[in-house]
Visitor: 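What follows is a single structure, and I will ask about it in a moment.
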Amino acid sequence: AQRVTQPEKLLSVFKGAPVELKCNYSYSGSPELFWYVQYSRQRLQLLLRHISRESIKGFTADLNKGETSFHLKKPFAQEEDSAMYYCALSAKTSYDKVIFGPGTSLSVIP
Amino acid sequence: EAGVAQSPRYKIIEKRQSVAFWCNPISGHATLYWYQQILGQGPKLLIQFQNNGVVDDSQLPKDRFSAERLKGVDSTLKIQPAKLEDSAVYLCASSFLNEQFFGPGTRLTVL
């Protein structure tokens, strides 16, 4: 069965410090992985996806198939990064089934 | 604001009452999703439509929840009768090229 885990419910870092939000998945096929973000009073929105291999707002994430991980990283955290972050997996079946992790609340301390 | 529209934004009902939520996806998006998000958890898929057909409703409690997407555009999700544990935010999303676009959600409180 497909599953996404995010071991940290809460993560606090100081402004300017590096940040890493962990995501692990279980899926027997080739998944597509995403990070979604929800800022205070805003809608859930896509931050980045592994197939695009791009940096968004300074964040990057690399798919590690050996460790079945898709950790989100940023070298220098900013206050505006404080938000709820969800890792998600799309399982390639006959349709695109998406499974979300439980989320990590990131707080950047000024 | 352009994007996925949902109404109402908030709803308070008593247990055993009925409630309905409405969603209008982004124009042209064939896939529509309804999620239930309980406080402190990630979104849980209730039902997924491709045009007006259901492709996944494996986690929909069919004894009390129903959903339809007539004409393959907007959709309604109904709960009848509601239970206390149905208190949650109900999110609607539509997708394009596997990117999901979410509505603002409906916060349901069951007393």
Side-chain angles (χ1 to χ4, degrees), chain A residues 1-11 21-25 27 29-52 54 56 63 70 72 83-106, chain B residues 1-10 21 23-26 29-60 67 69 72 88-107:
Chain A
Q2 303 97 12
R3 190 178 176 200
V4 177
T5 57
Q6 293 178 251
E8 304 128 335
K9 286 188 74 76
L10 300 168
L11 184 63
L21 289 87
K22 292 184 167 55
C23 171
N24 289 90
Y25 67 91
Y27 179 55
S30 282
E32 184 172 3
L33 274 297
F34 306 80
W35 277 99
Y36 280 82
V37 62
Q38 188 166 26
Y39 301 104
S40 180
R41 298 191 178 87
Q42 294 188 27
R43 302 180 183 203
L44 194 56
Q45 60 186 287
L46 179 68
L47 179 63
L48 55 79
R49 58 202 301 178
H50 89 270
I51 59 171
S52 59
E54 56 188 347
I56 304 291
L63 178 61
F70 188 57
L72 183 68
M84 197 73 190
Y85 291 81
Y86 296 95
C87 183
L89 173 154
S90 175
K92 288 295 181 181
T93 59
S94 57
Y95 60 95
D96 292 318
K97 178 172 183 168
V98 180
I99 298 144
F100 283 83
T104 297
S105 177
L106 174 65
Chain B
E1 180 185 340
V4 177
Q6 287 186 250
S7 67
R9 293 294 309 278
Y10 304 92
F21 312 127
C23 172
N24 186 246
I26 293 172
H29 285 191
T31 307
L32 185 148
Y33 311 79
W34 281 103
Y35 291 92
Q36 180 192 59
Q37 187 172 23
I38 291 171
L39 189 65
Q41 300 180 19
K44 178 185 116 177
L45 180 69
L46 291 175
I47 190 166
Q48 180 176 344
F49 291 93
Q50 184 76 17
N51 295 307
N52 61 347
V54 175
V55 295
D56 188 342
D57 63 356
S58 57
Q59 297 193 92
L60 187 74
R69 190 183 184 198
V89 175
Y90 291 84
L91 296 168
C92 179
S94 63
S95 69
F96 178 70
L97 297 179
N98 218 10
E99 176 180 351
Q100 297 201 22
F101 296 83
F102 285 85
T106 297
R107 184 176 298 277

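Chain letters run A, B, ... following the sequence lines, proteins first, then strands; residues in each count from 1.
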Visitor: So with a 6.0 Å cut-off around CZ of B:F96, is the heavy-atom count from everything else above 12?
Guide: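 At most 12 heavy atoms, drawn from other residues, nucleotides or ligands, come within 6.0 Å of this atom.
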Visitor: Looking at B:K44, B:Q41, B:Q50, which has the largest count of heavy-atom pairs under 4.5 Å with chain A?
Guide: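 Between B:K44, B:Q41, B:Q50, the count favours B:Q41.
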Visitor: Quick one: does A:R49's side chain get under 4.5 Å of B:N98's, heavy atoms only?
Guide: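 Result yes, sub-4.5 Å side-chain heavy-atom pair found.
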Visitor: Given the options A:V4, A:L46, A:I99, A:L44, which has more heavy-atom pairs under 4.5 Å with chain B than any of the others?
Guide: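 Of the candidates given, the most pairs with chain B belong to A:L44.
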Visitor: Select, from B:A93, B:G103, B:G105, B:G40, the one with the greatest count of heavy-atom pairs under 4.5 Å involving chain A.
Guide: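 Winner by heavy-atom pair count: B:G103.
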Visitor: Measure across B:G42 and A:Y86 and return the closest heavy-atom pair with its distance rounded to 0.1 Å.
Guide: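 Of all heavy-atom pairs spanning B:G42 and A:Y86, the closest is CA-CE2, 3.6 Å.
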Visitor: Considering only heavy atoms, which portion of A:E32 lies under 4.5 Å from any heavy atom of chain B: side chain, backbone, both, or neither?
Guide: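 A:E32 touches chain B through side-chain heavy atoms alone.
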Visitor: Where does A:K9 contact chain B at under 4.5 Å (heavy atoms): side chain, backbone, both or neither?
Guide: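 For A:K9, the side chain is the part near chain B, not the backbone.
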Visitor: With no hydrogens and no angle check, is any side-chain donor or acceptor of B:Y33 less than 3.5 Å from a backbone partner on A:V98?
Guide: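 No, the answer is negative, given that no donor and acceptor are paired below the 3.5 Å cut-off.
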Visitor: Under the 3.5 angstrom rule, does the side chain of A:R43 hit a backbone N or O of B:G3 as a donor-acceptor pair?
Guide: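 Flag not set: sc A:R43 to bb B:G3 has no pair under 3.5 Å.
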Visitor: Hey, does A:Y36 have a side-chain heavy atom less than 4.5 Å from the side chain of B:Q100?
Guide: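 Side-chain contact under 4.5 Å: yes.
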Visitor: How far apart are the closest heavy atoms of B:S58 and A:K97, and which atoms are they?
Guide: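 Minimum heavy-atom separation between B:S58 and A:K97: OG-NZ, 4.3 Å.
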